[in-house]
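Have a look at the structure below before the remarks.
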Amino acid sequence: MKSIKSYAAESAEQPLAPFALDRREPGADDVEIKILFCGVCHSDIHTARNEWGATMYPVVPGHEIVGTVTRAGENVSKFKVGDTVGVGCFVDSCGHCESCKDDQEQYCENGHTQTYNAYEQDKKTITYGGYSSHIVVTQDFVLSVSDKLPLEKVAPLLCAGITTYSPLRHWGVKEGHKLAVVGLGGLGHMAVKLASSMGAEVTMLSRSPKKEKDAAELGADHFKLTTDKDTMKELAGTFDFIIDTVSAEHDYDEYLALLKTNGVMVLLGVPPVPATVSPAGLIFGRRSLVGSLVGGIKETQEMLDYCAAHNITSDVEIININQINEAYERTLAGDVHYRFVIDMATL
Ligand code: NAP
Ligand code: ZN
């Protein structure tokens, strides 16, 4: 065991604060990573504040990790000391179920191991995330990161990037498709960049008029205010796809009505409240309401390589670790442009 520095929430009510964390020594298949940057996902906030009701305290959030390999176990063949690597939303899975064999470890039928607030595959050791100086991860769940792009802007690709890339690929989004993104935050801004890079005509649906200029710079072809009832009426039946990234309670029927016949609305945001959906809104127009969870390791590597090839990164605001609580408040207020990333050298 090695004691390292981290930031943890000790309860739903307490702000995050310095915490001494024990990490395992790297085993034969493990890679030890010195963390350089860690993005701040809204899931970190949901978890730190126990909004999903399953937080095990103390919790060290963070699943958008980029760093350098500092040690590698004797069986490690994919990485060597000094390599630049990434870790995303999960760090292990059973490896033998149908989903794992199909490179969809995020849907592991025996339960994948999330990067924090989860159990390792031993089903008893709790995981701690990237708001920390180092992390130890089995090599098969470590990603290769190109040094071509600025690393602080790459970190958010490990969650916001893959979470939006995966459904765009799964549903075959391409030129000729009209696609709307709901909510311009961390996931939303990556959805705009990626969908537009794949050739879709992208409409940003936002409740924040001040984000219109940014949406255009990110690559959105149109910007529509969801608070304007007339606009929402005009948009009825317009889109082939809607990517919903909203983190708080909202009316799904209002957006389903904007789909064309056979249109698909992909839920990515996980508001901590149950939703109601009108069956008629789906039946008339044979619309689909679907979900999607991050992406498998193989696809995450494909996404990182795609972003390196297409020069796609996240728009970030770098913070010191002691600004994390303020960053949470600003994210909740929708004041994020468009991902906070912690410079781990400040830990
Ligand atoms: P974020 O940066 O806070 O962005 C969320 C955006 O949603 C906001 O910027 C805002 O955009 C909009 N929004 C917030 N509250 C709203 C409300 N009450 N009504 C309407 N719109 C509202 O969050 P994020 O990091 O992108 O994460 C978004 C959600 O995805 C979270 O619930 C997170 O837990 C979830 N998530 C899911 C996965 C997955 O695998 N499915 C992975 C990562 C995260 P506007 O100001 O433009 O309206
Ligand atoms: Zn995330």
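Whatever order the structure lists them in is the order used to number ligands and atoms, beginning at 1. Everything numeric here is computed off the predicted structure, so don't read it as measured data. Residue numbers count from 1 along this sequence.
Panel note: side chain D305, backbone E302; no donor-acceptor pair is recorded below 3.5 Å. The closest donor-acceptor contact from the side chain of R23 to the backbone of H134 lies under 3.5 Å. Remark: the backbone N or O of A48 is paired with a side-chain donor or acceptor of Y57 at under 3.5 angstrom. Formation of a donor-acceptor pair under 3.5 Å by the T245 side chain with backbone atoms of G183 is found in this model. A donor-acceptor contact shorter than 3.5 Å links the side chain of N117 to the backbone of A54. Q301 places a side-chain N or O within 3.5 Å of a backbone atom of S144 that can act as its donor or acceptor partner. Proximity of a side-chain donor or acceptor of T227 to a complementary backbone N or O of R207 within less than 3.5 Å is not detected.
Any protein N/O/S atom under 2.8 Å from the Zn ion (ligand 2) was counted, giving 3 altogether.
Protein heavy atom at the shortest distance from atom 4 (O) of ligand 1 is G185 CA, 3.4 Å. The protein non-hydrogen atom at the shortest distance from atom 23 (O) of ligand 1 is H42 CB, 3.2 Å. Looking at atom 7 (O) of ligand 1, its nearest protein heavy atom turns out to be V246 CA, 3.7 Å. Annotation: atom 18 (N) of ligand 1 to nearest protein heavy atom, A248 CB, 3.4 Å. With hydrogens left out, the protein atom closest to atom 30 (O) of ligand 1 is G269 CA, 3.3 Å, a heavy atom. The protein heavy-atom contact nearest to atom 33 (C) of ligand 1 is S43 OG, 3.4 Å. The shortest contact between atom 26 (O) of ligand 1 and any protein heavy atom is with L187 N, 2.8 Å. When only non-hydrogen protein atoms are considered, atom 8 (C) of ligand 1 lies nearest to R207 NH2, 4.1 Å.
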For side chain to side chain contact (heavy atoms under 4.5 Å, CB included), just list the numbers for H63 and D44, CA-CA rounded to whole Å, side-chain angles, deciding distance to a tenth of an Å, and then say yes or no. CA-CA 8 Å; H63 58 203; D44 300 354; 4.2 Å; yes
Give the C-alpha distance, both sets of side-chain angles, the deciding distance and a yes or no for side chain to side chain donor-acceptor pair (under 3.5 Å) between D214 and Y338. CA-CA 10 Å; D214 291 351; Y338 277 89; 2.6 Å; yes
Between T70 and E32, does a side chain to side chain donor-acceptor pair (under 3.5 Å) hold up when you go through it step by step? CA-CA 6 Å; T70 43; E32 182 195 68; 2.6 Å; yes
Kindly determine whether D335 and H337 satisfy side chain to side chain donor-acceptor pair (under 3.5 Å), including the steps that lead there. CA-CA 7 Å; D335 178 22; H337 312 279; 3.0 Å; yes
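For a threshold of 3.5 Å applied to N or O pairs, the pair formed by M204 and ligand 1 contains no separation below that value. For the pair Y338 and ligand 1, the shortest N or O to N or O distance does not fall below 3.5 Å. On a distance-only criterion, K211 and ligand 1 share at least one N/O pair closer than 3.5 Å. For ligand 1, the polar-atom distance check against G186 finds a nitrogen or oxygen pair separated by under 3.5 Å. Considering backbone and side-chain atoms alike, V336 places every N or O at 3.5 Å or more from each N or O of ligand 1. Distances between N or O atoms of V294 and those of ligand 1 include at least one value under 3.5 Å. Polar contact with ligand 1: present for L268 (N/O pair, distance under 3.5 Å). Between C159 and ligand 1, a contact under 3.5 Å exists for no N or O pair.
The shell of residues lying under 4.0 angstrom from ligand 1, judged by heavy atoms, excludes F340. At least one heavy atom of R339 sits under 4.0 Å from some atom of ligand 1. Heavy-atom distances between H250 and ligand 1 stay at or above 4.0 Å for every pair.
The pair D140-K78 counts as a salt bridge, with a side-chain nitrogen and a carboxylate oxygen less than 4.0 angstrom apart. Here E234 does not pair with K224 in a salt bridge; the nearest charged N to carboxylate O distance is not below 4.0 Å.
Annotation for ligand 1: atoms under 4.0 Å from non-hydrogen atoms of T245 are 5 (C), 28 (C), 29 (C).
The hydrophobic clustering, which links ILVMFWY residues whose side-chain heavy atoms are closer than 4.5 Å, places I35 and V316 together.
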Throw together a table of side-chain donor-acceptor distances under 3.5 angstrom for residues 85-105, partners on residues two or more places apart or in other chains.
from, atom 1, to, atom 2, distance (Å)
S99, OG, Y107, O, 3.1
S99, OG, E109, OE2, 2.8
E105, OE1, I297, N, 2.9

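Geometric assessment of R169 against the ring of Y306 yields a positive cation-pi assignment under the 6.0 Å and 45° thresholds.
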